[in-house]
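Everything on this sheet refers to the single structure shown next.
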Amino acid sequence: MNIILATNIDHNYWNTKHHGFIDSVVKHAGENRIVLMLMDDGTGIDSTNLTSNIEIVTIDINSINYSRHVNLKSSFPDRPNYICLESGEFVDFINFNDNDILILCDWDVIMQRGFTENELKIINNLGAMEFGQCRDHYDDKRSTRIYREGNLLHGYLEMNKIFNDISKDWIIYQAGVQVARISAWRRLYEYWKELAPKMYKYNREHFAGQGLFNYIIQKFNMVKELPPTFHNGDWFPGTPAKIINNSLYVNNEKVLFNHHNWKHLPVF
């Protein structure tokens with residue numbers, strides 16, 4: 001089994017946001033692969049200072065068919081090429097082995113340390129069609145714009161208006177770090193191609209894809225919940241995670257993937 005640490009980014013965010021993700025995975029990934037998927041409109045990025053063990057895969061944004069939010073609100077001017085490959089569409093552009101594990105991280109995620117033996121065991125035990133995910137929230141009584149009434153049914157601006165089969169027991173998982181075998185990513189993408197047009201038609205927010213991901217993995221029983229020390233952010237509703245000396249901890253354990261959301265500059 002190979003572990004692949006990946007993110008996707010366009011030139012605009014590459015040039016305006018700091019490169020903490022890249023620096024942190026280079027420091028902590030060990031022998032695991034690091035893949036930077038560049039959403040390119042012909043502009044490109046300056047890769048002069050990148051280490052040689054980072055694989056840059058350039059994907060023409062005009063060839064993306066299902067991961068672009070075609071009805072995105074015009075109030076998102078800083079991300080004109082907004083594409084998030086949480087859909088799994090990258091399987092059309094990169095050759096992977098089905099048994100490989102790919103961990104896709106948002107650009108605002110820092111890898112604070114190396115994997116523990118227990119985390120490697122959890123990853124290794126993922127099924128062929130399972131996504132390892134952490135909760136988006138740890139308090140059913142709190143509400144945010146995305147998170148309503150403790151479940152997916154009313155989350156993401158009331159997804160029940162789009163899909164009529166959402167269980168009140170389905171919660172919201174944080175899509176900022178997704179962990180799965182390539183076989184699961186391929187299956188996700190097949191579902192995505194069928195369902196994304198409907199989701200994007202009725203939800204114009206940038207987080208529509210996150211809602212669709214949550215819907216798919218729970219509708220088709222593809223979830224394996226991970227401990228809160230795997231991926232967390234101090235801004236997750238009700239989280240037990242706390243910032244100590246610019247690092248994120250749960251109790252006394254440093255979180256593996258710190259989803260800082262540009263709110264602070266973490267160390268790693």
Report yes or no: does N32 contribute a side-chain atom to a donor-acceptor pair with the main-chain N or O of I4 at less than 3.5 Å?
no
If you look at every heavy atom in I182 and L102, which pair is closest and at what distance?
CD1-CB, 3.9 Å
Specify the closest pair of heavy atoms between E89 and S67, including all atoms of both residues, with the distance to one decimal.
OE1-OG, 2.8 Å
Just checking, is any N or O donor in the side chain of T116 or N118 under 3.5 Å from an acceptor N or O on the other one?
no
Under 3.5 Å, is there a donor on one side chain and an acceptor on the other for Q178 and Y173?
no
Atom of Q174, atom of Q133 and distance for their closest heavy-atom approach
O-NE2, 3.0 Å
Taking the six-membered ring of W262 (Phe, Tyr or Trp), confirm whether the NZ or CZ of K17 is under 6.0 Å from its centre and within 45° of its axis.
yes
Would you check if the distance from the ring center of F131 to the ring center of F213 is below 6.0 Å?
yes
Determine whether a donor-acceptor pair (N or O, by modelled atom type, separation under 3.5 Å) exists between the side chain of N71 and the backbone of Y200.
yes
Going from CZ on R181 to CG on D100, what distance comes out if it is rounded to the nearest 0.5 angstrom?
9.0 Å
Kindly state whether the ring of F236 and the ring of Y138 have centres lying under 6.0 angstrom apart.
no
Once rounded to the nearest 0.5 Å, what's the spacing between atom CE of M159 and atom CG of N164?
11.5 Å
Return the set of residues passing side chain to side chain contact (heavy atoms under 4.5 Å, CB included) with V267 (not counting sequence neighbours), or none when no residue passes.
N246, S247
Checking F21 now: which residues fulfil ring-ring contact (aromatic ring centres under 6.0 Å, His included) with it, not counting sequence neighbours?
none
Is the shortest side-chain N to carboxylate O distance from D165 to K219 below 4.0 Å?
yes
Kindly say whether K121 contributes a backbone atom to a donor-acceptor pair with the side chain of N125 at under 3.5 angstrom?
yes
Looking at F163, I'd like to know if its CZ atom is crowded, meaning that more than 12 non-hydrogen atoms belonging to other residues, nucleotides or ligands lie closer than 6.0 Å.
yes
Taking the hydrophobic residues Ile, Leu, Val, Met, Phe, Trp and Tyr, and joining any pair whose side-chain heavy atoms are under 4.5 Å apart, which ones share a cluster with Y249?
I244
Under 3.5 Å, is there a donor-acceptor pair between the side chain of S24 and the main chain of M111?
yes
Quick one: pull up OG1 in T51 and NZ in K27 and give me the separation to the nearest 0.5 Å.
14.0 Å
Search all heavy atoms of C134 against all heavy atoms of L226 and return the closest pair with its distance.
SG-CB, 3.7 Å
Using the rule that two of Ile, Leu, Val, Met, Phe, Trp, Tyr join whenever any of their side-chain heavy atoms come within less than 4.5 Å, decide whether I110 and V35 are in one cluster.
no
Keeping the roles fixed (side chain from D10, backbone from N12), state whether a donor-acceptor pair exists under 3.5 Å.
yes
Where D40 and T43 come nearest, the two heavy atoms and their spacing
OD1-N, 3.2 Å
NZ of K193: more than 12 outside heavy atoms within 6.0 angstrom?
yes
CD1 of I61 to CE of M39: how many Å apart, nearest 0.5 Å?
9.0 Å
Looking at W192 and Y66, would you say the former's side chain and the latter's main chain have a donor-acceptor pair under 3.5 Å?
yes
Of all pairs that satisfy salt bridge (charged side-chain N to carboxylate O under 4.0 Å, His left out), the ones with a partner from residues 250-261, not counting sequence neighbours
R113-E253
Nearest 0.5 Å, please: how far is OG1 in T229 from CD in Q112?
11.0 Å
Give a yes or no on whether V223 and L152 share a hydrophobic cluster (residues Ile, Leu, Val, Met, Phe, Trp, Tyr; joining criterion: side-chain heavy atoms under 4.5 Å apart).
yes
Taking all non-hydrogen atoms of both residues into account, name the closest pair between F257 and C105 and its distance.
CE2-SG, 3.9 Å
Could you list the cluster mates of I243? Members are the ILVMFWY residues connected by side-chain heavy atoms closer than 4.5 Å, either directly or through other members.
L248, V250, V255
About how many Å separate CD1 of I103 and OG1 of T7, when rounded to the nearest 0.5 Å?
12.5 Å
Classify the ring geometry between H19 and W107 as parallel (under 30°), tilted (30 to 60°) or perpendicular (over 60°).
tilted
Taking CG in N245 as the centre, count heavy atoms belonging to other residues, nucleotides or ligands within less than 6.0 Å. Is the count above 12?
no
Could you check whether E158 pairs with K161 (Lys NZ or Arg NE/NH1/NH2 to Asp/Glu carboxylate O, under 4.0 Å)?
yes
Mark yes or no for whether Q218, through its side chain, and I171, through its backbone, hold a donor-acceptor pair below 3.5 Å.
yes
Is it true that H69 and F207 have ring centroids separated by less than 6.0 Å?
no
Side chain of R135, backbone of N232: donor and acceptor closer than 3.5 Å?
no
Would you give me the side-chain donor-acceptor pairs under 3.5 Å for residues 90-98, sequence neighbours excluded?
{"from": "D92", "atom 1": "OD2", "to": "Y189", "atom 2": "OH", "distance (Å)": "3.2"}
{"from": "D98", "atom 1": "OD1", "to": "R186", "atom 2": "NE", "distance (Å)": "2.8"}

Is the side chain of H28 donor-acceptor paired with the backbone N or O of F268 at a distance under 3.5 Å, no angle test?
yes
Given 3.5 Å as the limit, does a donor-acceptor pair link the side chain of S47 with the main chain of L50, or not?
no
